[in-house]
Amino acid sequence: MPISEFSSNVAQLEASPTLVLAARARKLKADGVDVVDLSAGEPQYPAPAYAARAGIRAVEEGKTGYPPTAGLPELRDAIARYLRETTASATVDPASVIVGAGVKQALFNCCYVLFEPGDEVLVPAPYWPSYPAIVGLAGAEPVVVDTGWDAAFLPSVEDLEAARTHRTRGLMLNSPGNPTGAVIPGDLLRDILMWADRHGIWVLSDEIYRRLSYDGPAPSVFDVAERGERTVLLDGLSKAFCMPGFRIGYAVGPPDLVRKMSDLQGQTTSGAVGPSQYSAAAALGESGAREAFVADLVSKLARLRDLGLTAFDGIGAIEAKPPDGALYFYGRLADPNASSLGVAEQLLVEASVACMPGEPFGSPGYLRFNFAVEAEVLEEGMTRLADFFG
């Protein structure tokens, strides 16, 4: 089909590079290649058994009809209660919650409702590749705000102010960050939210990795009393609860915004998968089992982080900062002229190690490695990495 036949809505749209490279690694493994796959943006562990059983029970009990567009009442209640229990906010109302098929859908709905042609949305780099793509699909313009290694990958208020124009309507935040693992400190987060409120800027805070933090809790926008009304928290079950295939994410914001997002969702996908919602309600609602699962996962990931960092210390051609959160090492190549896309390709072909290059994240010269795998897998991957770089 000639590209000229596609609408202007998708003329510049490209496939998600993270999904494309992960699919390539899976294809090689299916073909019999012994690939160590450190590319995936998900923990490689099973979902909580108690949550899985809740979804199975829902199917067995015939709870398979269309769910409410904004989410099952019991799940919206569980999300509101979970946020009240794990952030400083004591006033989260279920009416402020909308459930979608993953955080990506919730984020898309939010952007599509809030932004339009002529608007600008600030996107600190490195960023999750879907952020600028989704902003563009809403008709707005993503404006990249570079951070970098020396700034610990953290945006400053001064950086954001320098990028702001009269067209700036939104700001994407992601803490802990993908791909860097950087955590925005509480004081800086408060300053950013107060700055955004002064200028009438919507803050969309993707907190999917919030519970995966290694040096104390990662601050949430809901921990900041001074946040403005134009603040939206986005989260889901894919990372801290190892439930990526259940496809459950959510957004929490002003009720008027949530209602409009629900109207949009009702004309597109309608409600997220019903049995998955029952699983998610159980995952978040059983607080004792929930907190034990998260604590065990964080403890396991902390050990894997230490294992990987020790291995990086012996590789001179690539350097990794200790990530404060999330699932990734974001390694900086020592050769400033090296193409991280090219190096990632060589790693896959010559060493059978799959990782993500920095180009899709807005930061050439870096490689992202997922360490949320079994210890023997990570050890083998790091051995191959050391051999590759010599």
Side-chain angles (χ1 to χ4, degrees), residues 79-80 82-93 96-97 103 106-107 110-111 114-115 120-128 131 143-148 150-165 168-178 180-236 239-240 250-255 257-258 298 321-326:
I79 291 167
Y82 168 67
L83 290 173
R84 292 196 298 267
E85 292 173 353
T86 61
T87 72
S89 179
T91 58
V92 183
D93 191 302
S96 299
V97 177
V103 177
L107 180 63
C110 192
C111 288
L114 288 176
F115 308 133
E120 294 177 346
V121 178
L122 305 184
V123 182
Y127 47 70
W128 183 40
Y131 293 153
V143 176
V144 174
V145 181
D146 288 319
T147 61
D150 293 336
F153 302 115
L154 296 174
S156 69
V157 171
E158 292 75 19
D159 292 336
L160 298 173
E161 177 61 23
R164 184 180 65 85
T165 73
T168 304
R169 183 162 167 79
L171 166 65
M172 296 283 191
L173 291 182
N174 180 211
S175 175
N178 174 11
T180 66
V183 172
I184 300 177
D187 289 348
L188 175 57
L189 184 60
R190 183 196 63 232
D191 291 346
I192 289 173
L193 293 177
M194 293 176 67
W195 167 84
D197 187 43
R198 285 197 302 272
H199 297 292
I201 294 170
W202 282 92
V203 176
L204 311 187
S205 180
D206 180 354
E207 301 187 3
I208 190 66
Y209 299 99
R210 176 173 66 92
R211 300 302 306 279
L212 304 183
S213 179
Y214 309 111
D215 297 307
S220 166
V221 291
F222 277 22
D223 291 323
V224 179
E226 298 90 341
R227 70 180 184 275
E229 294 182 354
R230 297 180 181 85
T231 302
V232 182
L233 181 152
L234 299 113
D235 201 348
K239 313 300 182 184
Y250 54 87
V252 188
L257 171 63
V258 167
V298 171
K321 284 181 181 292
D324 293 327

Leu107 side chain near Tyr131 side chain, heavy-atom distance below 4.5 Å: yes

Heavy-atom closest contact (Gly236 atom, Ile208 atom, distance): N-CD1, 3.3 Å

Okay, side chain of Ser213, backbone of Arg210: is any donor-acceptor separation there less than 3.5 Å? no

Smallest heavy-atom separation, Gly253 atom then Val258 atom, equals O-CG2, 3.9 Å

Under a 3.5 Å distance rule, please check whether Ser96 uses its side chain to pair with a backbone N or O of Pro254 as donor and acceptor. no

Just by distance, do the side chain of Asp146 and the backbone of Gly148 share a donor-acceptor pair under 3.5 Å? no

For residues 183-196, run the donor-acceptor check on the side chains, cut-off 3.5 Å, and write out each pair with its distance to 0.1 Å, sequence neighbours left out.
{"from": "Asp187", "atom 1": "OD1", "to": "Arg190", "atom 2": "NH1", "distance (Å)": "3.4"}
{"from": "Trp195", "atom 1": "NE1", "to": "Glu161", "atom 2": "OE1", "distance (Å)": "2.7"}

Closest non-hydrogen atom pair, Gly181 against Pro176: O-CB, 4.2 Å

Quick test of your reading: applying side chain to side chain donor-acceptor pair (under 3.5 Å), list the pairs with at least one residue in residues 217-232, sequence neighbours left out, ordered by first then second residue. Glu207-Ser220

Residue pair Val298 / Leu212, side-chain heavy-atom distance below 4.5 Å: yes

Is there side-chain contact between Met172 and Cys111, with at least one heavy-atom pair below 4.5 Å? yes

Distance col, row Leu83:CG vs Thr91:OG1, nearest 0.5 angstrom, shows 10.5 Å

Can you tell me how far apart CG (Asn174) and CZ (Phe153) are? Round to the nearest 0.5 Å. 13.5 Å

Rounded to the nearest 0.5 Å, what separation is found between the CG atom of Asn178 and the NZ atom of Lys239? 7.0 Å

Residues Ala251 and Leu234: closest non-hydrogen pair is CB-CD2, 3.9 Å

Distance (rounded to the nearest 0.5 Å) between Thr168 OG1 and Trp202 CH2: 16.0 Å

So do Pro124 and Leu154 actually touch side chain to side chain, heavy atoms under 4.5 Å? no

Starting from the C-alpha separation in whole Å, work towards a yes-or-no answer on side chain to side chain contact (heavy atoms under 4.5 Å, CB included) for Val103 and Asp206. CA-CA 8 Å; Val103 177; Asp206 180 354; 4.1 Å; yes

ring-ring contact (aromatic ring centres under 6.0 Å, His included) partners of residues 208-230, not counting sequence neighbours, each pair once: Tyr209-Tyr328

I would like to know whether Leu114 and Leu204 meet side chain to side chain contact (heavy atoms under 4.5 Å, CB included); could you show each step before the answer? CA-CA 11 Å; Leu114 288 176; Leu204 311 187; 4.1 Å; yes

Separation between CD1 of Ile201 and CG of Leu122, rounded to the nearest 0.5 Å: 6.0 Å

